[in-house]
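These notes concern the structure reproduced below.
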Amino acid sequence: MLDNYEQFKKDIYALTKIDLNAYKEKQMRRRIDTLIGKNKVDSYDKYVELIKKDKEKFEQFVNFLTINVSEFYRNPEQWKILDQEVFPKLIEKFGKRLVIWSAACSTGDEPYSLVMALSRHLPLSDIKIIATDIDKQVLEAAKVGLYNAKSIAAVPDDFKKKYFTQIGSSYQIAEEIKQRVEFREHNLLRDPYPSGCNLIVCRNVVIYFTDEAKDEIYAKFNQSLVKGGMLFIGS
């Protein structure tokens, strides 16, 4: 195991503003050590120097650090609850112009799924999703909107036909869905949160944080929500 992880955490924070103290150390350190080994570097200091001078390696580090496991309509039973219970209640309470935030949106599968699911209740022109993630690379991928067959396997058949075009072995999401999502780079542990949200969807990412970081995130989510708004988390 490499030495001086405490200093490494400080160096990474200075460089990226990503606070590694907020992540479970054993799990995160193991992942980082694996990446450093792949880059044939034998110390944290040398790795910091590498990502300082090599933009590609820097992006690789941020991408590797963030956990991007994403699929459209992931956990279908949760989407059923959104469709049958959550959306109707929110529309009844707040009207058609809902402020919805998909936090830690990864490659865009979740916010695009939200647009499609909401389109059963509202015209597309009334739908706007704020979608944020810490990782620039996945945000760029999200904006492109090109997915493999596995990613879209759970999408309802009518939406697959209506909103996806097959390109080789990949599938391009329709421009009319992409236009309903505003992607922003955002660090849940550092950056100001959107305000006035009627619904915040944040599934699966907080399991990687310490209890203290979770408490801080949930308190900020609470402040972001309007009275009677809803936070929807993973199982």
Side-chain angles (χ1 to χ4, degrees), residues 1-71 101-111 130-144 181-195 200-224 231 233-234:
M1 190 175 277
L2 303 175
D3 291 331
N4 207 359
Y5 188 66
E6 289 304 312
Q7 183 57 47
F8 177 73
K9 288 191 288 187
K10 291 175 186 173
D11 292 340
I12 290 301
Y13 185 76
L15 196 59
T16 67
K17 293 297 181 283
I18 295 170
D19 185 3
L20 293 178
N21 287 308
Y23 293 85
K24 293 173 182 174
E25 183 162 317
K26 190 176 177 184
Q27 183 181 8
M28 186 54 71
R29 187 169 179 178
R30 185 171 64 245
R31 297 183 77 240
I32 290 170
D33 289 355
T34 299
L35 178 61
I36 289 175
K38 282 181 182 174
N39 281 283
K40 297 181 170 52
V41 176
D42 59 9
S43 76
Y44 288 129
D45 288 347
K46 287 179 184 174
Y47 185 66
V48 169
E49 288 307 309
L50 174 67
I51 62 175
K52 271 183 182 175
K53 65 186 181 188
D54 189 324
K55 188 181 176 186
E56 195 174 306
K57 296 295 185 187
F58 176 85
E59 296 287 353
Q60 179 196 47
F61 172 70
V62 175
N63 188 43
F64 191 82
L65 198 62
T66 55
I67 292 124
N68 302 307
V69 181
S70 195
E71 294 166 14
W101 175 22
S102 170
C105 68
S106 189
T107 48
D109 315 45
E110 180 176 273
I130 301 163
T132 65
D133 201 277
I134 194 174
D135 187 339
K136 280 187 211 169
Q137 285 186 315
V138 298
L139 290 174
E140 289 306 311
K143 290 172 188 175
V144 171
V181 181
E182 178 191 345
F183 289 102
R184 303 177 189 172
E185 190 180 346
H186 184 269
N187 183 333
L188 283 169
L189 294 165
R190 186 194 76 210
D191 296 330
Y193 282 30
S195 60
I200 298 172
V201 180
C202 184
R203 306 188 306 148
N204 307 310
V205 72
V206 290
I207 60 174
Y208 300 105
F209 293 123
T210 62
D211 288 342
E212 292 79 10
K214 285 178 192 172
D215 288 344
E216 182 185 337
I217 288 168
Y218 285 132
K220 288 180 178 176
F221 279 153
N222 185 49
Q223 291 170 358
S224 286
L231 171 66
I233 58 173

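Please read all numbers here as calculations on a predicted model, not as lab measurements.
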Test item: [X] and [Y] side chains (from C-beta on) under 4.5 Å apart, heavy atoms:
X      : Y      : value
Tyr13  : Leu20  : no
Arg31  : Met28  : yes
Ile200 : Ser224 : yes
Glu140 : Val144 : no

Holding to side chain to side chain donor-acceptor pair (under 3.5 Å), I want the full list of residues that pass it with [X], two or more places apart in sequence or in another chain.
X      : answer
Asp42  : Lys46
Thr132 : Trp101
Asn21  : Lys9, Asp19
Lys136 : none

query: Can you check side chain to side chain contact (heavy atoms under 4.5 Å, CB included) on Ile233 and Val206, steps first, answer last?
result: CA-CA 9 Å; Ile233 58 173; Val206 290; 5.8 Å; no

Return the orientation label for the Tyr44 and Tyr5 ring planes: parallel under 30°, perpendicular over 60°, tilted otherwise.
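Correct class here is tilted.
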
- [ ] Sort and list the pairs that fulfil side chain to side chain donor-acceptor pair (under 3.5 Å) and have at least one residue in residues 214-223, not counting sequence neighbours.
- [x]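 Pairs touching residues 214-223 that pass the test: Glu216-Lys220.
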
Exercise for review: Mind running side chain to side chain contact (heavy atoms under 4.5 Å, CB included) on Asp133 and Thr107 for me, showing each step along the way?
Suggested key: CA-CA 9 Å; Asp133 201 277; Thr107 48; over 6 Å; no

Starting at CG of Leu231, measure out to SG of Cys202 and round the result to the nearest 0.5 Å.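 Going from CG on Leu231 over to SG on Cys202, the span is 7.0 Å.
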
Contacts table for residues 183-195: side-chain donor-acceptor under 3.5 angstrom, sequence neighbours left out:
unit_1, atom_1, unit_2, atom_2, d
Arg184, NE, Glu182, OE2, 2.9
Arg184, NH2, Glu182, OE2, 3.3
His186, NE2, Pro192, O, 3.0
Asn187, OD1, Leu189, N, 2.8
Asn187, ND2, Lys17, O, 3.2
Arg190, NH1, Thr16, O, 3.4
Arg190, NH1, Lys17, O, 3.3
Asp191, OD2, Asn187, N, 2.7
Tyr193, OH, Leu188, O, 2.6

